[in-house]
Amino acid sequence: MADNKFSGSTSFKEAVCIDAGRVYDSCCDRDCLEDLRCFFTAETQSIIDTAVSVKLTKSKVLNVLIDVEPISFNKGFYSCDLTFYFLNDLEVYTAPNSCPTPVSGVSFFSKKVILYGSDGNVQVFSSNHGRNIPGCDKTAIANSNSPKCILQCVDPVALTARLGTVTDNYQNIFYIPQAVTDYIGAPLVTTTAIGTSTVYVTLGLFTIVQLIRDVQMLIPVYDFCVPEKQCDDTTDQPCDVFRKIKFPTDDFFPPKAENCGCNNE
């Protein structure tokens, strides 16, 4: 966070009304996602068909689809449906004591979270979302003030991977976001016959889900805040910049468990 200072007195000056997103409800979760099936391109699938073993090296979140729907029997509560798409980096061995072939596969996971988002059925019109109609004035487009779901997550922990075969057609996937396909660079084989070789990965996922609604709030104002830190416009040589970097002691001497601030529960 940038260093700031008050331009004047720190005593209360006035109360102002602001329009901001208020978190009505939130939750955090840890999910151990066991045996998520990976989907591959046609070229990569041919490598998987000849594999004798596989190793999971890294996994990251490519995209998340979020859908928010009100719960009819529980007023003020909403169902947040989350679908995660993961990119898994694998090392595939096609023969014993051979060099591995690096490949990537996509897996997905869906979960549902119930959160409180309060009520609100008004329509919101804003000049920022208007459109120009030839021969007419700018017309504002209506937006609802329904709550929005915000998801925060880190890349999953890559736990393990194993070779297997497709056991039923329910493991097939019928929709891949365009962003995922664009990242892979080729279409994924999403429907395969029972008995086809595949890879199952196990991931550890940490998430925070929030339900936010735009509301008007009255807050105290003390004064304007002026940045205290000056912009760095240095033109030092690379070696001069390197000499200013703090020595990475922790990288050479990792902290003990009782000093790392970790929660081992």
Side-chain angles (χ1 to χ4, degrees), residues 21-42 44-45 56 58-74 76-90 103-118 120-121 124 129 141-159 161 166 168-192 198-214:
R22 174 184 173 182
V23 179
Y24 272 80
D25 202 0
S26 63
C27 64
C28 62
D29 205 356
R30 67 169 73 194
D31 295 289
C32 186
L33 315 179
E34 296 186 82
D35 286 345
L36 297 181
R37 177 187 164 188
C38 286
F39 295 85
F40 304 96
T41 63
T44 305
Q45 182 63 48
L56 176 63
K58 187 174 63 174
S59 182
K60 72 175 182 178
V61 179
L62 275 184
N63 202 352
V64 182
L65 300 184
I66 303 177
D67 187 30
V68 180
E69 295 289 341
I71 299 178
S72 57
F73 56 84
N74 203 349
F77 284 82
Y78 293 80
S79 170
C80 304
D81 295 304
L82 313 170
T83 302
F84 298 80
Y85 293 87
F86 306 105
L87 179 69
N88 306 301
D89 292 338
L90 305 162
V103 301
S104 296
V106 174
S107 58
F108 74 99
F109 166 70
S110 297
K111 68 179 297 182
K112 178 178 292 188
V113 175
I114 306 298
L115 294 174
Y116 179 75
S118 191
N121 298 314
V124 180
H129 302 288
I141 301 174
N143 296 289
S144 67
N145 72 330
S146 58
K148 58 184 176 182
C149 179
I150 301 296
L151 168 72
Q152 301 178 53
C153 64
V154 295
D155 285 338
V157 181
L159 297 175
V166 178
D168 58 65
N169 291 328
Y170 289 103
Q171 294 180 353
N172 291 327
I173 187 173
F174 300 100
Y175 175 74
I176 297 289
Q178 187 63 42
V180 174
T181 304
D182 292 342
Y183 189 92
I184 298 298
L188 296 172
V189 179
T190 57
T191 55
T192 54
T198 190
V199 175
Y200 295 93
V201 298
T202 299
L203 309 175
L205 182 65
F206 294 92
T207 56
I208 294 177
V209 185
Q210 299 172 318
L211 210 56
I212 298 177
R213 184 186 292 276
D214 290 336

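Considering CG of Leu151 and SG of Cys80, their distance stands at 9.5 Å, rounded to 0.5 Å. Note that CG of Leu115 and SG of Cys27 are 4.5 Å apart. Values are rounded to the nearest 0.5 Å. Summarising the geometry, atom OG belonging to Ser107 is positioned 8.0 Å from atom CG belonging to Leu33; distances are rounded to the nearest 0.5 Å. In this structure, CD on Gln152 lies 10.0 Å from OG1 on Thr207, to the nearest 0.5 angstrom. The CG atom of Asp31 sits 11.0 Å away from atom CG of Leu203, with the distance rounded to the nearest 0.5 Å. Here Phe40 contributes atom CZ and Leu188 contributes atom CG; the two are 9.5 Å apart, rounded to the nearest 0.5 Å.
Annotation: ring pair (Phe, Tyr, Trp, His ring centres under 6.0 Å) contacts of Tyr116 (sequence neighbours excluded): Phe77. Residues meeting the side chain to side chain contact (heavy atoms under 4.5 Å, CB included) test with Asp81, sequence neighbours left out: Asp67, Ser79, Lys112.
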Show me the donor-acceptor pairs, under 3.5 Å and distance only, between side chains in residues 59-66 and residues at least two apart or in other chains.
from  : atom 1 : to     : atom 2 : distance (Å)
Ser59 : OG     : Asn88  : OD1    : 2.8
Lys60 : NZ     : Tyr183 : OH     : 2.6

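A donor and an acceptor atom, one from each side chain of Arg37 and Thr192, are located under 3.5 Å apart.
The two residues Pro147 and Val68 have their closest heavy-atom pair at O-CG1, 4.3 Å. Residue Phe86 comes nearest to Phe109 through the heavy atom pair CE1-CB, 3.8 Å, listed as atom of the first residue, atom of the second, then distance. Summarising the geometry of Leu90 relative to Leu56, their closest heavy-atom pair is CD2-CD1, 3.6 Å, with the distance given to 0.1 Å. Residues Val154 and Leu205 share a closest heavy-atom pair of O-CD1, 4.0 Å. Taking both residues in full, the closest heavy atoms of Ser26 and Gln210 are given as CB-CG, 3.8 Å, listed atom of the first, atom of the second, then distance. Minimum interatomic distance between Leu36 and Phe108 (heavy atoms only, all atoms of both residues): CD2-O, 3.7 Å.
Looking at heavy atoms from C-beta onward, Thr202 lies in side-chain contact with Cys32 at the 4.5 angstrom threshold. Looking only at side-chain heavy atoms (C-beta outward), Thr41 and Val103 stay at 4.5 Å or farther from each other.
Under a 3.5 Å cut-off, the side chain of Arg213 and the backbone N or O of Gly117 do form a donor-acceptor pair.
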Exercise for the section: Let me see the working for Tyr78 and Asp25 under side-chain contact (heavy atoms from CB on, under 4.5 Å), right down to the final yes or no. Expected result: CA-CA 10 Å; Tyr78 293 80; Asp25 202 0; over 6 Å; no
Problem - Evaluation steps, side-chain contact (heavy atoms from CB on, under 4.5 Å), between Cys149 and Val209 - result: CA-CA 7 Å; Cys149 179; Val209 185; 3.5 Å; yes
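The environment of Lys148 atom NZ is sparse: at most 12 non-hydrogen atoms of other residues, nucleotides or ligands sit within 6.0 angstrom.
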